[in-house]
Amino acid sequence: MAYWLLKTEPESYSWDQQVKKGAKGEAWTGVRNFTARDHLKAMKTGDRAFFYHTGDEKQVVGIVEVIKEAYPDATDEKGVFVCVDIKAVEPLPTPVTLAQVKADPKLKEMVLARQPRLSVQPVTADEWKTVCRMGGLKA
DNA sequence: GCCAACGTTGGC
DNA sequence: GCCAACGTTGGC
């Protein structure tokens, strides 16, 4: 199983909205970046991802699971980009902020700390465990 | 609100 | 196919 990180602005699509979709999940659309698209295509059903809020929050707020692998993004009229479906798994008891990630020696190599603009990022197993523990989960 | 970094686009 | 210009994003 692989791990990922999905970025969103809470003003446009938030963790709370994702939770309300429940088990049937929601399509993660709107990606318009080729690197991010490649990551979306690499996702498999059952993969897990951090749900990260940008803007004023800049923190990982929850965990989601991929429930449908990449298919054409209906919001992209040119048909070159894709989306996946995800469902909320659980929130982090304590959100992990960008500042914490940058301050932790084990996490400062994370794509999140190095390329904050990339909207879909890979996360290593070690980074996954570390962030989960910091967030109050056993992982 | 500003600035830096990055990705994309278009001209050559 | 390369490179410069431009626009967008996101952190501070």
Side-chain angles (χ1 to χ4, degrees):
Chain A
M1 165 158 70
Y3 300 105
W4 310 93
L5 182 144
L6 298 170
K7 267 189 330 137
T8 179
E9 297 188 33
E11 290 81 9
S12 55
Y13 189 68
S14 71
W15 170 253
D16 285 344
Q17 287 173 270
Q18 180 66 48
V19 169
K20 284 178 187 160
K21 300 294 179 182
K24 69 175 163 59
E26 175 76 349
W28 187 268
T29 58
V31 169
R32 295 294 182 271
N33 172 290
F34 294 114
T35 305
R37 182 192 66 171
D38 290 344
H39 291 319
L40 286 177
K41 285 182 171 177
M43 290 185 187
K44 303 292 182 192
T45 302
D47 279 357
R48 300 239 161 157
F50 288 129
F51 198 101
Y52 176 84
H53 277 176
T54 56
D56 291 339
E57 296 189 32
K58 294 189 290 292
Q59 59 189 5
V60 177
V61 294
I63 290 171
V64 296
E65 181 176 319
V66 177
I67 56 175
K68 185 175 180 184
E69 293 175 19
Y71 60 97
D73 183 343
T75 69
D76 173 29
E77 67 282 356
K78 289 181 181 173
V80 297
F81 291 101
V82 300
C83 59
V84 297
D85 284 0
I86 57 171
K87 69 170 183 182
V89 176
E90 59 185 340
L92 289 190
T94 308
V96 176
T97 67
L98 179 62
Q100 283 177 277
V101 168
K102 288 187 168 178
D104 192 306
K106 291 193 297 296
L107 296 178
K108 67 179 181 186
E109 296 299 316
M110 267 186 86
V111 179
L112 181 63
R114 296 153 60 105
Q115 265 183 275
R117 292 187 49 190
L118 185 57
S119 56
V120 181
Q121 313 179 356
V123 174
T124 69
D126 282 347
E127 289 162 355
W128 182 267
K129 286 181 198 163
T130 302
V131 173
C132 284
R133 287 203 194 97
M134 288 169 71
L137 295 174
K138 296 172 196 165

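The chains referred to below are lettered A, B, ... by the order of the sequence lines, with proteins before strands, and numbering in each begins at 1.
Aromatic ring pairs are classed by plane angle as parallel below 30°, tilted from 30° to 60° and perpendicular above 60°; the pair A/Trp28 and A/Phe51 is perpendicular.
A salt bridge is defined here as a Lys NZ or Arg NE, NH1 or NH2 lying under 4.0 Å from an Asp or Glu carboxylate O, and A/Asp73 with A/Arg37 fails to meet this definition. The pair A/Glu127-A/Lys106 does not count as a salt bridge, with every side-chain nitrogen at least 4.0 angstrom from each carboxylate oxygen.
The side chain to side chain donor-acceptor pair (under 3.5 Å) analysis of residues 50-66 of chain A, with sequence neighbours excluded, yields the pairs A/Arg48-A/Glu65, A/His53-A/Glu57, A/Glu57-A/Gln59. For residues 81-93 of chain A, every residue pair satisfying the side chain to side chain donor-acceptor pair (under 3.5 Å) rule, not counting sequence neighbours, is listed here: A/Tyr71-A/Asp85.
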Between the protein and nucleotides 6-12 of chain C, which nitrogen or oxygen pairs are less than 3.5 angstrom apart?
unit_1: C/dT8; atom_1: O2; unit_2: A/Arg117; atom_2: NH1; d: 3.4
unit_1: C/dT8; atom_1: O2; unit_2: A/Arg117; atom_2: NH2; d: 2.8
unit_1: C/dT9; atom_1: O4'; unit_2: A/Arg117; atom_2: NH2; d: 3.3
unit_1: C/dT9; atom_1: O2; unit_2: A/Arg117; atom_2: NE; d: 3.4
unit_1: C/dG10; atom_1: OP1; unit_2: A/Lys7; atom_2: NZ; d: 2.3
unit_1: C/dC12; atom_1: OP1; unit_2: A/Lys102; atom_2: NZ; d: 3.0

